[in-house]
Amino acid sequence: MSRLTRRTILTTGAFAAGTLLTRDPTFAQTPLAATPECHDHPAATVRQTEGPFFKPSSPEQTDLFEPGMAGQPLELVGFVLTRGCKAVPGALLDFWQADNAGTYDNSGFRLRGHQFADTEGRFRLRTIVPAVYDGRTRHIHVKVQAPNKPILTTQLYFPNEPQNANDFLFRPDLLIAIGDAQSAGRFDFVLKLG
Ligand code: FE
């Protein structure tokens with residue numbers, strides 16, 4: 001895998017977001033802005049608590065959205081990268097989140113799913129924007145793991161949320177970049193490997 005320069009990131013970022021977006025009218029049609037830059041050693045994505053609602057053995061699925069599901073549809077795309085800005089093909093991403101009522105499915109696997117980054121280290125998740133619950137601001141849980149490497153557990157947040165300021169776990173470096181359409185988001189994970 002060649003080293004990804006800033007120019008490469010800009011180019012492939014725009015390409016990836018554009019091609020990863022679906023034609024389903026429920027979701028955004030317009031590409032997201034690309035990652036502004038990828039430094040030689042970007043900060044690793046910070047670790048956060050797993051919380052009480054993780055369930056192992058989620059189904060492999062990129063599409064958590066189900067017909068008739070309440071909530072704002074969201075397509076989240078991005079890269080899994082190393083601190084040297086190299087893509088991590090085949091990285092495991094396991095997402096879980098609350099529904100539009102702020103409830104986790106603890107008996108089944110609704111709004112839970114894992115997937116593997118493609119050969120360019122890209123992922124795509126179709127879901128809904130989760131509701132707030134129990135004093136927590138809006139967030140999506142995720143575990144990310146490069147093949148045969150330790151698991152990074154963290155949470156992603158949404159911009160312009162009034163409750164971000166009062167959330168005990170919120171961090172601005174875990175904010176999803178939301179597109180103009182409000183239904184397209186971008187987040188690149190940076191793994192500290194080796
Ligand atoms: Fe949670």
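In this structure, the side-chain hydrogen bond (donor to acceptor under 3.5 Å, both in side chains) partners of N106, at least two apart in sequence or on a different chain, are R112. For Q163, the side chain to side chain contact (heavy atoms under 4.5 Å, CB included) partners are V132, T137, not counting sequence neighbours. Under the ring-ring contact (aromatic ring centres under 6.0 Å, His included) criterion, F158 pairs with no residue, sequence neighbours left out. By the side chain to side chain contact (heavy atoms under 4.5 Å, CB included) test, P172 is found to be paired with F170, L175, residues two or more places apart in sequence or in another chain being considered. Listed by chain and residue number, W96, Y104, H139 satisfy the ring-ring contact (aromatic ring centres under 6.0 Å, His included) test with H141 (two or more places apart in sequence, or in another chain). Under the side chain to side chain contact (heavy atoms under 4.5 Å, CB included) criterion, L92 pairs with H114, F116, Q145, sequence neighbours left out. For F109, there are no ring-ring contact (aromatic ring centres under 6.0 Å, His included) partners at least two apart in sequence or on another chain. Partners of V142 according to the side chain to side chain contact (heavy atoms under 4.5 Å, CB included) rule, which considers only residues two or more places apart in sequence or in another chain, are F95, V144, T154, L156, F189. D173 pairs by the salt bridge (charged side-chain N to carboxylate O under 4.0 Å, His left out) definition with R171, not counting sequence neighbours. With sequence neighbours left out, the side-chain hydrogen bond (donor to acceptor under 3.5 Å, both in side chains) criterion links E50 to K143. For R47, there are no salt bridge (charged side-chain N to carboxylate O under 4.0 Å, His left out) partners, not counting sequence neighbours.
F168 and Y133 fall into different hydrophobic clusters, where Ile, Leu, Val, Met, Phe, Trp and Tyr are joined by side-chain heavy atoms under 4.5 Å apart, directly or via other members. No single ILVMFWY cluster, assembled from side-chain heavy atoms under 4.5 Å apart, contains both V88 and V190. L152 and L193 fall within the same hydrophobic cluster, defined by Ile, Leu, Val, Met, Phe, Trp and Tyr side-chain heavy atoms under 4.5 Å apart, directly or through other members. Placement of F53 and M69 in two distinct hydrophobic clusters is found when ILVMFWY residues are connected by side-chain heavy-atom separations under 4.5 Å, directly or transitively.
Under the 4.5 Å side-chain criterion, counting only non-hydrogen atoms from C-beta, P130 is in contact with I140. Using a 4.5 Å heavy-atom threshold, the side chains of L74 and I178 count as touching. Between F187 and V77 there is no side-chain heavy-atom pair separated by less than 4.5 Å. The side-chain heavy atoms of Q115 and F123, taken from C-beta on, include a pair separated by under 4.5 Å.
When all heavy atoms of S58 and G113 are compared, the closest pair comes out as OG-C, 3.5 Å. Across all non-hydrogen atoms, the minimal contact from A98 to A131 is CB-O, 4.3 Å. Considering all non-hydrogen atoms of both residues, V80 and A91 come closest at CG1-CB, 3.8 Å. Nearest heavy atoms, D188 versus G78: OD1-CA, 3.3 Å. The two residues A44 and K192 make their nearest non-hydrogen contact at CB-CB, 3.9 Å.
Residue T62 holds its OG1 atom at 11.0 Å from CG of L93, rounded to the nearest 0.5 Å. Expressed to the nearest 0.5 Å, how far CD of Q97 lies from CD1 of I128 amounts to 5.5 Å. Note that CG of L174 and CD of Q155 are 8.5 Å apart. Values are rounded to the nearest 0.5 Å. Taking CZ from R122 and CG from L81, the interatomic distance works out to 12.0 Å, rounded to the nearest 0.5 Å. Atoms CD and OG1, on Q72 and T127 in that order, are 11.0 Å from each other to the nearest 0.5 Å. Atom CG in D63 sits 9.0 Å away from atom CD in E66 (nearest 0.5 Å).
Among residues at least two apart or in separate chains, salt bridge (charged side-chain N to carboxylate O under 4.0 Å, His left out) pairs with a member in residues 88-106 are D99-R110.
The side chain to side chain donor-acceptor pair (under 3.5 Å) test with E75 is passed by exactly one of R186, R124, R126: R124.
Remark: the T153 side chain and the Q48 side chain contain no N/O donor-acceptor pair separated by less than 3.5 Å.
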Q. Which is it for T45 and L191 under the side-chain contact (heavy atoms from CB on, under 4.5 Å) test, yes or no, and what are the steps along the way?
A. CA-CA 6 Å; T45 304; L191 302 180; 5.8 Å; no
Q | Stepwise side-chain contact (heavy atoms from CB on, under 4.5 Å) test for L169 and Y157 | A | CA-CA 10 Å; L169 288 171; Y157 298 93; 3.4 Å; yes
